[in-house]
Amino acid sequence: MNCLITGGTGSLGTALVRSGLDQAWLERLIIFSRDEAKQHEQRRAMSSDSRISWVIGDVRDLNRIVSS
């Protein structure tokens, strides 16, 4: 199963990402946020997990969310 976390680099989003990575059912985790600097830091910290994909975007842009 896939999971999309909007605001995935914020404090709550980061906690959800860590919790999600502990789930055996998770095949792909998409971290969606507009903060490139935080995504870069999170990538460095979690780069070893191949289930993670990072997407830059804003939740107000529906086309960007749908294409993720």
Side-chain angles (χ1 to χ4, degrees):
M1 180 176 291
N2 297 334
C3 180
L4 169 69
I5 298 179
T6 60
T9 58
S11 55
L12 178 58
T14 299
L16 290 171
V17 168
R18 292 178 199 270
S19 176
L21 292 175
D22 290 338
Q23 306 304 313
W25 54 263
L26 185 70
E27 294 174 19
R28 182 174 177 222
L29 179 63
I30 305 160
I31 300 170
F32 188 89
S33 88
R34 58 187 176 154
D35 192 328
E36 292 181 50
K38 285 185 181 178
Q39 275 201 20
H40 177 73
E41 289 301 316
Q42 198 173 46
R43 252 183 223 192
R44 289 180 53 212
M46 299 180 179
S47 64
S48 63
D49 199 311
S50 63
R51 298 175 293 172
I52 301 176
S53 298
W54 287 270
V55 178
I56 298 289
D58 193 305
V59 294
R60 295 173 288 185
D61 182 358
L62 180 61
N63 291 329
R64 186 71 175 138
I65 293 174
V66 171
S67 67
S68 298

Suppose clustering is done on Ile, Leu, Val, Met, Phe, Trp and Tyr with side-chain heavy atoms closer than 4.5 Å. Which residues sit in the same group as Met1?
Ile5, Leu12, Leu16, Val17, Leu21, Trp25, Leu26, Leu29, Ile31, Met46, Ile52, Trp54
In short, Phe32 meets Val59 closest at the heavy-atom pair CE2-N, 3.8 Å
Provide the closest heavy-atom pair for Arg28 versus Ser53 in the form atom of the first, atom of the second, distance.
NE-OG, 3.4 Å
Determine whether more than 12 heavy atoms belonging to other residues, nucleotides or ligands lie under 6.0 Å from atom CD of Glu41.
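More than 12 heavy atoms, drawn from other residues, nucleotides or ligands, come within 6.0 Å of this atom.
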More than 12 foreign heavy atoms under 6.0 Å from CZ of Arg34: is that the case here?
no
What pairs with Arg18 under salt bridge (charged side-chain N to carboxylate O under 4.0 Å, His left out), at least two apart in sequence or on another chain?
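So Arg18 forms no salt bridge (charged side-chain N to carboxylate O under 4.0 Å, His left out) with any residue.
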Residues in side chain to side chain donor-acceptor pair (under 3.5 Å) with [X], at least two apart?
X	result
Asp58	Arg60
Arg43	none
Ser19	none
Ser33	Thr9, Gln39

